Structures are given as C-alpha cells and as structure tokens.
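To keep things clear, I will list the structure first and then write my remarks on it.
Positions are given from 1, in the same order as the sequence printed here. On a predicted model such as this, the values are computed, not experimentally measured, just so you know.
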Amino acid sequence: MNLLAFAQEIGGGEALDPAAAEGGFSMIGLLLEADIVVKFVLIVLFIASLWSWSVIIEKLFTVSSARKKARQFEDAFWTGRADDLDGRPGAGNSDPASRLFASISREWNDARRLGPTDNPNVLVDRAERSLRAGVDREVGRVSKGLGVLATIGSSSPFIGLFGTVWGIMNAFINIAEKQDTSLTNVAGPIAEALFATGLGLIAAIPAVIFYNKFTGDLNQFADRLDTFSQDLLVRLSRRATEPGS
C-alpha cells in the first residue's frame with residue numbers, strides 16, 4: 001500500500017490529488033509551508049552548518065600550515081650552528097618556531113648589550129617566561145575559531161530538538177482544531193519536525209568530529225613548540241654560563 005492509498009484509507013476514503021500531495025511533501029514545499037518558528041530554527045541551523053564548515057576548511061589549512069612551517073624551521077635550525085644565538089636563520093615572523101627563536105634571541109642580545117652578569121639564571125628565567133608566553137600566543141593564534149565549532153556542536157542538536165517539539169506540537173494542534181487524524185493533517189508538521197532534527201545533527205556532527213581532530217592536532221603542535229622552546233633554553237643556559245659570555 002502506497003502513501004496516497006494509506007492516507008485515503010485513514011482519511012475516510014476521500015480522494016487525494018497526487019500532484020498536490022507531491023508538492024506538499026516535497027522538501028521545498030515543507031519549507032514554504034512550515035511554521036514561522038520552525039522556519040527560523042531551520043534557517044539558524046543552516047547558517048550554523050555553513051559557519052562550521054567555513055571554520056573547518058579554514059582550520060584545515062591553518063593548522064596544517066602552522067605544523068609544516070614549524071617542522072621546516074626546526075629542521076633548518078638543527079642542521080645549522082646549534083649554539084649561535086646571534087644570527088640564526090628565520091628570525092622573522094614567518095612561522096611559530098621562528099617567532100619563538102626571535103624572542104629568545106632578543107633576550108640574549110639584550111643581555112649582551114647590558115654586559116656580563118653574575119647570575120646567568122636571571123637571563124634564563126626571563127627567557128623561559130618569554131618562551132612560555134610565546135607558545136601560548138602561537139597556540140592561541142592557530143586555535144582561533146575552535147570555540148565556534150564547540151558551540152555549534154553542542155547547541156545544534158538542542159536547537160533542532162526545539163524545532164522538533166514545536167512541529168509535533170503543531171501536529172497535535174491541527175488534530176485538535178480539525179478533529180481529524182488523517183495523515184494529510186499531521187504529516188506536514190511531523191515532517192518539518194523531523195527535518196529540524198536531521199538538520200541539527202547535520203550541523204552538529206561535523207563540528208564535533210573536526211573540533212576533536214583539531215584539538216588533538218593543536219595539542220601535538222603545542223607539545224612540539226614546548227619541546228623546541230626547552231631545547232632553546234638549554235642552548236641559552238649553556239651560552240650564558242660560558243666564560244666571557
């Protein structure tokens with residue numbers, strides 16, 4: 001038994017217009033005939049989905065590029081003169097690792113301009129604080145926008161659920177007003193309700209998946225920068241305690 005025959009049977013044998021039914025149950029027909037609240041929910045979820053995908057695409061390039069540049073700079077750094085804090089390559093602002101090295105180089109050059117010190121640990125402590133702040137700054141720069149994915153991933157199912165509840169409520173209101181439990185009377189609001197649930201999941205699932213992925217990538221990125229900064233501190237400490245430094 002097809003849908004039209006079933007609707008005709010429970011509707012008391014009234015004939016249904018196949019063209020009208022097809023238009024009413026099409027996706028566009030549901031959107032056009034939806035309640036204003038359901039329409040608003042669907043628009044919000046659609047915008048949230050587009051927003052999350054724009055953040056996902058941007059982060060795919062940003063995180064990958066930051067990790068690649070950091071790795072390339074480290075490779076270039078450790079294949080050169082590992083104890084030269086005066087003129088290392090990459091002292092500009094092209095990548096996170098070079099910015100970290102630039103900060104510790106400034107500390108070293110400032111200390112040399114001030115002349116020899118009786119307590120090299122002061123220089124090392126100052127450089128350590130600078131590197132720690134630099135690592136936090138670089139991770140924060142790369143992670144910008146992840147809060148959007150977290151918000152969309154956690155809120156979209158509930159927004160869709162609100163649209164579902166509202167649509168089902170409208171279905172029962174239609175039944176009460178028309179005293180008619182036929183499929184044609186309740187199918188529209190119920191379909192709108194289920195569509196709101198589906199769109200909420202469509203917006204939430206990619207946001208949650210990629211939020212977890214980017215969080216793991218950023219943890220690895222932060223660990224890499226931390227390791228590199230600790231290596232820099234070891235080199236700085238060794239230079240600071242050398243005679244004549």
Side-chain angles (χ1 to χ4, degrees), residues 26-32 34 36-77 89-103 131-164 166-167 191-229:
S26 67
M27 191 67 66
I28 297 178
L30 287 175
L31 294 177
L32 293 177
I36 185 65
V37 176
V38 178
K39 284 181 180 178
F40 178 75
V41 169
L42 295 179
I43 290 172
V44 169
L45 291 174
F46 182 71
I47 293 174
S49 181
L50 291 180
W51 193 2
S52 69
W53 275 108
S54 67
V55 173
I56 288 169
I57 293 172
E58 188 269 334
K59 285 297 151 198
L60 284 173
F61 288 101
T62 301
V63 176
S64 175
S65 176
R67 296 176 65 186
K68 180 179 178 181
K69 288 181 178 180
R71 183 174 61 252
Q72 288 175 343
F73 178 82
E74 288 185 56
D75 292 341
F77 184 90
N93 296 319
S94 59
D95 59 84
S98 67
R99 285 189 286 267
L100 288 179
F101 179 78
S103 66
L131 285 173
R132 190 180 301 117
V135 171
D136 292 340
R137 186 164 51 249
E138 295 300 333
V139 174
R141 180 183 287 112
V142 178
S143 64
K144 187 181 299 182
L146 285 186
V148 173
L149 295 183
T151 301
I152 292 175
S154 60
S155 63
S156 291
F158 296 102
I159 297 174
L161 181 61
F162 171 75
T164 301
W166 191 271
E192 296 163 7
L194 296 177
F195 185 64
T197 301
L199 191 55
L201 294 176
I202 289 173
I205 291 174
V208 172
I209 291 175
F210 281 96
Y211 176 80
N212 292 332
K213 168 186 165 43
F214 293 139
T215 299
D217 291 344
L218 285 172
N219 287 336
Q220 295 178 3
F221 178 67
D223 291 341
R224 190 182 193 96
L225 292 183
D226 262 333
T227 301
F228 182 61
S229 65

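Legend: side chain to side chain donor-acceptor pair (under 3.5 Å) pairs involving residues 200-210, not counting sequence neighbours: none detected. Applying the side chain to side chain donor-acceptor pair (under 3.5 Å) rule to pairs touching residues 193-205 yields T164-T197, sequence neighbours excluded. Judged as a salt bridge (charged side-chain N to carboxylate O under 4.0 Å, His left out), not a single pair has a partner in residues 143-153 (not counting sequence neighbours). Sorted by first and then second residue, the pairs that involve residues 201-217 and meet salt bridge (charged side-chain N to carboxylate O under 4.0 Å, His left out), not counting sequence neighbours, are R67-D217, K213-D217. Within the structure, side chain to side chain donor-acceptor pair (under 3.5 Å) pairs that include any residue of residues 40-60 comprise E58-T62 (at least two apart or interchain).
The minimum heavy-atom distance between A193 and G167, with the atom names listed, is CB-CA, 3.9 Å. Closest non-hydrogen pair, V142 versus A66, comes out as CG2-CB, 3.9 Å. When all heavy atoms of L45 and A196 are compared, the closest pair comes out as CD1-O, 3.5 Å. Closest of all the heavy-atom pairs between S156 and G200 is CB-O, 3.5 Å.
In this structure, the separation between CD1 on I209 and CG on L149 is 11.5 Å, given to the nearest 0.5 Å. Considering CD1 of I56 and OH of Y211, their distance stands at 13.0 Å, rounded to 0.5 Å. We find the CG-CZ distance between L100 and F228 to be 7.0 Å, quoted to the nearest 0.5 Å.
Put simply, the side chain of V38 does not reach to within 4.5 Å of the side chain of F195, judged on heavy atoms.
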Show your reasoning for whether side-chain contact (heavy atoms from CB on, under 4.5 Å) applies to F221 and V63. CA-CA 9 Å; F221 178 67; V63 176; 5.9 Å; no
Stepwise side-chain contact (heavy atoms from CB on, under 4.5 Å) check, L146 with L218
CA-CA 11 Å; L146 285 186; L218 285 172; 3.2 Å; yes
message = Would V41 and W166 count as a side-chain contact (heavy atoms from CB on, under 4.5 Å) here? Give the steps.
response = CA-CA 10 Å; V41 169; W166 191 271; over 6 Å; no
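A search for side chain to side chain contact (heavy atoms under 4.5 Å, CB included) contacts involving D226 returns V135, S229, not counting sequence neighbours.
The main-chain N or O of G140 is found under 3.5 Å from a side-chain atom of S143 such that the two form a donor-acceptor pair.
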